[in-house]
Participant: 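Supplied in structure tokens, the structure appears directly below.
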Amino acid sequence: GAGVSQSPSNKVTEKGKDVELRCDPISGHTALYWYRQSLGQGLEFLIYFQGNSAPDKSGLPSDRFSAERTGGSVSTLTIQRTQQEDSAVYLCASSPETGFNEQYFGPGTRLTVT
Amino acid sequence: SQKIEQNSEALNIQEGKTATLTCNYTNYSPAYLQWYRQDPGRGPVFLLLIRENEKEKRKERLKVTFDTTLKQSLFHITASQPADSATYLCALVTKAAGNKLTFGGGTRVLVKP
């Protein structure tokens, strides 16, 4: 079956511009996560959606970052007024339910802010 | 402060040998710990999960141990193959953090033929 998909795969933007990154989770997965991975680093948690519950936004680095999940499926991560330090790979993952289930990751969006 | 540490130096190993990776954590009480594999330009792929009350888990050539006293998990790849070359990430979940995974920095493994 189809895995987690993300678009675009690469995004180059100028400092100060807004960007939107999209994630399509695996159908039926109720949990959706966004992470950020800088070059050679581990994954940094950003935000977590579970069903209709309020999202856990505790990992968002600043108020320039926001995310939505529409209809319990597709999610969009928005970065406003991008800065060079926002350059990283943004990874989305979904999970069939909470608890002890593994996460299924998409291929990521590589964001470069010039 | 809370930390999850994996050896940042790459592990070079000869084909057929056993690769052993370490994941150490401080100031966490994990409910369970997961290991993922990540290839360049790709997202991580889940490999194994081990719960706090489990000492060891196996899957094919992979073995994970979990010592909550030492605050350490070991990840073993037996009979390693060049195709095992990748970065391996440990991640833990604490009861307090709900379902968020906190990842270590990963260890790169290079298996030479």
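Letters A, B, ... mirror the listed sequences (proteins, then strands); counts begin at 1.
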Participant: With only heavy atoms counted, which part of B:Q6 is less than 4.5 Å from chain A, the side chain, the backbone, both or neither?
Facilitator: neither
Participant: Non-hydrogen atoms of chain B under 4.5 Å away: do they reach the side chain of A:Q6, the backbone, both or neither?
Facilitator: neither
Participant: Based on non-hydrogen pairs under 4.5 Å, which of B:G41, B:G105, B:A91 is most in contact with chain A?
Facilitator: B:G105
Participant: Do the side-chain N and O atoms of A:Q103 and B:Q34 include a donor-acceptor pair separated by under 3.5 angstrom?
Facilitator: no
Participant: According to a 4.5 Å side-chain heavy-atom criterion applied to Ile, Leu, Val, Met, Phe, Trp and Tyr, with indirect links allowed, do B:L11 and B:L62 form part of one hydrophobic cluster?
Facilitator: yes
Participant: May I ask whether B:Y88 and A:F105 are part of the same hydrophobic cluster, defined by side-chain heavy atoms of I, L, V, M, F, W, Y residues being less than 4.5 angstrom apart, directly or through others?
Facilitator: no
Participant: Same cluster or not: A:Y33 versus A:L43, using hydrophobic residues (I, L, V, M, F, W, Y) connected whenever any side-chain heavy atoms lie under 4.5 Å apart?
Facilitator: yes
Participant: By a 4.5 Å heavy-atom criterion (distance strictly below it), what part of A:S58 contacts chain B: side chain, backbone, both, or neither?
Facilitator: side chain
Participant: Would you find more than 12 non-hydrogen atoms of other residues, nucleotides or ligands less than 6.0 Å from B:E60 atom CD?
Facilitator: no
Participant: Hey, quick one: are B:F46 and A:L32 part of the same hydrophobic cluster, counting side-chain heavy atoms closer than 4.5 Å, chains of contacts allowed?
Facilitator: no
Participant: Under a 4.5 Å heavy-atom cut-off, does chain A meet the side chain of B:L47, its backbone, both or neither?
Facilitator: neither
Participant: Should we say atom CD of A:Q83 is surrounded by more than 12 heavy atoms from elsewhere, each under 6.0 Å from it?
Facilitator: yes
Participant: Which region of A:L91, side chain (C-beta onward) or backbone (N, CA, C, O), has a non-hydrogen atom less than 4.5 Å from a non-hydrogen atom of chain B, or is it both or neither?
Facilitator: side chain
Participant: According to a 4.5 Å side-chain heavy-atom criterion applied to Ile, Leu, Val, Met, Phe, Trp and Tyr, with indirect links allowed, do A:F65 and A:V113 form part of one hydrophobic cluster?
Facilitator: yes
Participant: Grab the two heavy atoms, one from A:F45 and one from B:L101, that are nearest each other, plus how far apart they are.
Facilitator: CB-O, 4.3 Å
Participant: Measure distances from A:Y35 to the heavy atoms of chain B and classify the residue's part below 4.5 Å as side chain, backbone, both or neither.
Facilitator: side chain
